[in-house]
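Working notes, structure below.
All values reported here derive from a predicted model rather than from experimental measurement.
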There are 2 protein chains.
Amino acid sequence: MHLPDMSSLSPTARVILGLLTFRPRTGYDIKQATDRSTRFFWGASYGQIYPELRRLERAGLVASHEEPRGQVPRRVYRLTEDGRLAFESWLSEPTDQYEVRDEGLLRLFFGDAMSAAQLEELMRRRQEWYRETAALFRRIGEEIGPIEDLGGHVLRYGIELMEWNADWWERLEREL
Amino acid sequence: MHLPDMSSLSPTARVILGLLTFRPRTGYDIKQATDRSTRFFWGASYGQIYPELRRLERAGLVASHEEPRGQVPRRVYRLTEDGRLAFESWLSEPTDQYEVRDEGLLRLFFGDAMSAAQLEELMRRRQEWYRETAALFRRIGEEIGPIEDLGGHVLRYGIELMEWNADWWERLEREL
DNA sequence: TAGGCCATGTAAAAAGTTACATGATTTT
DNA sequence: AAAATCATGTAACTTTTTACATGGCCTA
């Protein structure tokens, strides 16, 4: 058995393999799962998921079988032994990749070209958005119940990060 | 005069126009500036910058002239009136785009597939990295002196966000 | 005189989004 | 009976990265 080449695991591949460590899933199911969980720190669209699943199957990291629901064709993917090894190997790699893409922050950076009223509105809007997003995360948390697995901690991270951001913009507004 | 189409301003175009609001720059200079300032919330590579500058010039948002240093060809770009209008129009658009891409967080999310020792190492590494990055940002802050413009506030945001993240992982470690 | 910085660019590949197309099943 | 959800996919496009190629200028 030759070890699968891990350096070729694309970001999307990592999310897919990760979600398959919990249980076998269809492409549709993977999309739903990313939308509900990893979306804010690593999303995926159908345009990536379906082709990537086929690539992963060719590479032997996942395997699939048909499982139609009535007339509806349906293909369920599961992790192979090679897939699990490749994923676990990625899990223990040291990586520092971290990136924030925040348009509000970019606007603030160039804010000297803004009027005072515009700046005011930006600060207000950002606070609102962060509070709303924190509330959305909280609702998701209530749906899935008390924190048990590590996914729960990540959700709590999301809530706290959104609150921190809202507070930061509030502080900025008071300062200016 | 017809208004330039702002919906076609790519993310890279916005950073370029934004940096040109301060002063005229060469492509190389723009790259240096993004590396030193916007990198962590909006970066750009040469492969985007040079082609984008030509697109922007064709669209009339920037203008350039040659300014060689000895034998070295050198082209300096500046914002046109249309470019300034397009950029200011973007500045006041309402946008909520926000994204975090954090590999450490992704690993934590799938951390049930990790051993206790692996998880331990992840938490330690992340704290280290956030503390180091906060220190790096602080050094940059010392170089550019006291906070005067809004760019200084964005730098302070970066420092505080890195500290918050380090603290979060420290708290997590104590909990587990 | 060597190394680092300034300077410009391209080609190819990788990654990701958006819009479209289709239709069955399940729930209200 | 209608609406929502489950389900699969593609094509075109946009965006971004990576690797390569080139060479002058400045300073220790």
Give one of base, sugar-phosphate or nothing for A:Arg101, where a contact means two heavy atoms less than 4.0 Å apart. sugar-phosphate
At 4.0 Å (heavy atoms only), tell me whether A:Gly47 reaches a base, stays on the sugar-phosphate, or touches nothing. base
On DNA chain D, check which nucleotide each of B:Trp42 and A:Gly27 is closest to and give me the residue with the more 5' one. A:Gly27
Would you indicate which nucleotide in C:dT25, D:dT8, C:dT17 comes nearest to any side-chain atom of A:Ser45? C:dT17
Nearest nucleotide by nearest heavy atom, which residue falls closer to the 5' end of DNA chain C, B:Asp29 or A:Gly43? B:Asp29
Examine distances only and state if a side-chain atom of B:Thr80 and a backbone atom of B:Gly83 form a donor-acceptor pair shorter than 3.5 Å. yes
From the set C:dT8, D:dG9, D:dT16, return the single nucleotide nearest to any side-chain atom of B:Arg74. C:dT8
Rounded distance (Å) that lies between atom C1' of C:dA24 and atom CD of A:Glu66: 16 Å
Sole residue of A:Asp35, A:Thr34, A:Asp29 in side chain to side chain donor-acceptor pair (under 3.5 Å) with A:Lys31: A:Asp35
Base, sugar-phosphate, or nothing for B:Arg55, non-hydrogen atoms under 4.0 angstrom? nothing
Ignoring the backbone of B:Tyr28, work out which of D:dC25, D:dT8, C:dC5 is nearest its side chain. C:dC5
Check whether any side-chain N or O of B:Glu57 sits under 3.5 Å from a backbone N or O of B:Ser64 as a donor-acceptor pair, and report yes or no. yes
In whole Å, I'd like the distance from the CZ atom of A:Arg14 to the P atom of C:dA14. 15 Å
Where the side chain of B:Val72 is defined as all heavy atoms beyond and including C-beta, which of C:dT25, D:dT15, D:dG24 is the nearest nucleotide? D:dG24
Do A:Thr95 and B:Arg125 have side-chain N/O donor and acceptor atoms under 3.5 Å apart? no
Relative to the 5' end of DNA chain C, which residue comes earlier, B:Glu99 or B:Tyr77, by the nucleotide with the nearest heavy atom? B:Tyr77
Side chain proximity check, B:Tyr98 to A:Trp129, heavy atoms < 4.5 angstrom: yes
Can you tell me how far P of D:dT8 sits from CZ of A:Arg25, to the nearest Å? 13 Å
Can you measure A:Glu67 atom CD to D:dC6 atom P for me and round it to whole angstrom units? 16 Å
Between C:dG16 atom C1' and A:Arg39 atom CZ, what is the distance in whole Å? 17 Å
Just the rounded figure in Å: distance from C1' of D:dT10 to CG of A:Leu53. 15 Å
Below 4.0 Å: OP1/OP2 of C:dC6 and any side-chain N or O of B:Thr26: no
Between D:dT16, C:dA7, D:dG9, which nucleotide has the shortest distance from any of its atoms to the side chain of A:Tyr50? D:dG9
Any base atoms under 4.0 Å from B:Arg54, or only sugar-phosphate, or nothing? Heavy atoms, all strands. sugar-phosphate
Output the single nucleotide from C:dT8, D:dT16, D:dC25 whose closest atom is nearest the side chain of B:Thr12. D:dT16
For B:Ala113 and A:Leu91 the tightest heavy-atom approach is CB-CD1, 3.9 Å
State which of C:dG9, C:dG16, D:dA7 makes the closest approach to the side chain of B:Tyr46. C:dG9
To the nearest Å, give me how far apart CD (B:Glu52) and C1' (D:dT15) are. 10 Å
Value in whole Å for how far the P atom of C:dA7 lies from NZ of B:Lys31: 15 Å
Regarding A:Gln48, tell me which of base, sugar-phosphate or nothing describes its non-hydrogen contacts under 4.0 Å with the strands shown. base
